[in-house]
Amino acid sequence: MKTILVTGGTGFIGSHTCVELLKAGYQVVVMDNLSNSKADVVKKIETITGRTVPFYRADLLDVPSMDRIFREQKIDAVIHFAGLKAVGESVEKPLLYYQNNVSGTINLCEVMHKHDCKTIVFSSSATVYGMHNPVPMTEDMPTSATNPYGYTKVMLEQILTDLHTADPAWSVMLLRYFNPIGAHESGLIGENPNGIPNNLLPYIAQVALGKLPCLGVFGDDYDTVDGTGVRDYIHVVDLALGHIAACRYAFSHKGVEIVNLGTGSGTSVLQMIKAYEKASGRAIPFAIRPRRAGDVATCYADTQKAKDLLGWTAQRDIDQMCKDSWRFTVQNA
Ligand code: NAD
Ligand code: UD1
């Protein structure tokens, strides 16, 4: 049985991936510094799966504590989620983002190399498609960024590619996520951002709950079905299953592969409001606001490569995503 180290394993996507890895028969070791998650998530993963999960509270920037994990556990591969992800904060604190995400990942790779673990699945983002590519996004399109968070993803894709060029024993999967939402059907794990959410779904959930009065819709004059921004929302459990497929592929192939993880279809902000109203049975008051800087009109994935290479496609629809998000929101209010 292979053992996977999940960095950022108590976070939103990491926790769901731990559940699916355990269900698929892998052993899982979690490390996280808990800067954006809580330790009780480990217990919840154990409750859902009935399995035990070793947890290390450790920081990517603390090399001795990273080294300790690899000395104590026989790690076959790493799924690397740990990182900071708030776009606005990255503009205010670029050095924090470059240090945490870029230096942290370099530390991780050095420790992996030292312990002869050369299989890594990395969380990249559709943000690397930048502002100027046409939809649907294909993996061979040029990459760019508009903020330090996005640049960390562009840089890390390059760094991990260079690592394989220098040492072909590495197996590197660069997974570009579109917009992960939803929660586990148990309602035990989900997305719980600190403070006022920046992203659409967590914000809608707080409005439905009555914690926030009104959603601001950032622009209604885009060239889209109803003028509002269109995105490729993907259920976090489907995304987690994409990681299982990527691990399976990485264990049997050396090299670097870039793969989009999305559904291939787009949903507008107004369509999402309607779907969430249906799932929650609550009204979502909204007001049209100016466009948000850095937003594109439409972003969705070409999913052919994920299908051909990994045999993976997303299964869950928007209604399911909203239903699961609402269940988690109510249970954790
Ligand atoms: P999250 O914040 O819920 O999880 C990330 C986890 O990493 C957190 O638990 C945090 O405590 C931990 N962490 C951060 N810095 C660390 C460090 N130096 N050492 C140890 N742990 C550290 O975020 P998420 O939504 O689960 O995202 C996971 C990854 O996927 C991130 O790399 C993110 O950039 C990427 N991603 C997320 C989205 C999204 O919309 N959620 C989209 C594209 C890509
Ligand atoms: C944002 C980030 C992106 C990051 C991703 C996941 C920006 C510019 N982009 O993507 O880099 O990878 O989150 O963390 O921040 N919207 C509203 N009102 C809101 C919030 C959002 O109308 O209060 C709209 C947006 O304009 C957009 C859609 O909803 O059209 C989705 O927004 P969001 O959830 O923030 O995701 P992205 O912008 O796709």
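Order of appearance sets the numbers: ligands from 1, and atoms from 1 within every ligand. The structure displayed is predicted, hence computed values, not measured ones. We're numbering straight along the sequence, starting at 1.
Taking distance alone, with nitrogen or oxygen atoms compared against 3.5 Å, L201 stays at or beyond that limit from ligand 2. Of the N or O atoms in F218, one or more lie within a sub-3.5 Å distance of an N or O in ligand 2. Considering backbone and side-chain atoms together, N147 places no N or O closer than 3.5 Å to any N or O of ligand 2. An N or O contact shorter than 3.5 Å links F81 to ligand 1 by distance. At least one N or O atom of R292 sits closer than 3.5 Å to an N or O atom of ligand 2. Distances between N or O atoms of G216 and those of ligand 2 include at least one value under 3.5 Å.
For S15, the closest heavy-atom approach to ligand 1 does not fall below 4.0 Å.
Looking at L261, N33, D59, V236, it is N33 that brings a heavy atom closest to atom 21 (N) of ligand 1. For atom 41 (N) of ligand 1, the choice among K85, R176, K153 with the nearest heavy atom turns out to be K85. Across the listed options N36, V30, D32, D32 owns the non-hydrogen atom lying nearest to atom 9 (O) of ligand 1.
The distance from ligand 2 to the heavy atoms of N179 drops below 4.0 Å at these ligand atoms: 36 (O), 37 (P), 39 (O). Residue contact check: D295 has heavy atoms under 4.0 Å from atoms 8 (C), 25 (C), 26 (O), 38 (O) of ligand 2. Of all the atoms in ligand 1, the ones that sit under 4.0 Å from a non-hydrogen atom of S123 are 29 (C), 30 (O), 32 (O), 35 (C).
Contact annotation: for F178 versus ligand 2, there are no heavy atoms closer than 4.0 Å.
Remark: aromatic rings of H243 and Y26 are distant, center separation not under 6.0 Å.
No side-chain N or O of D220 forms a donor-acceptor pair with one of T228 less than 3.5 Å apart.
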Practice task
Please report the C-alpha distance between Y129 and N260 in whole Å, then the side-chain angles of each, then the deciding distance to 0.1 Å, and finally whether the side-chain hydrogen bond (donor to acceptor under 3.5 Å, both in side chains) criterion is met.
Solution key: CA-CA 11 Å; Y129 289 114; N260 287 339; 2.6 Å; yes
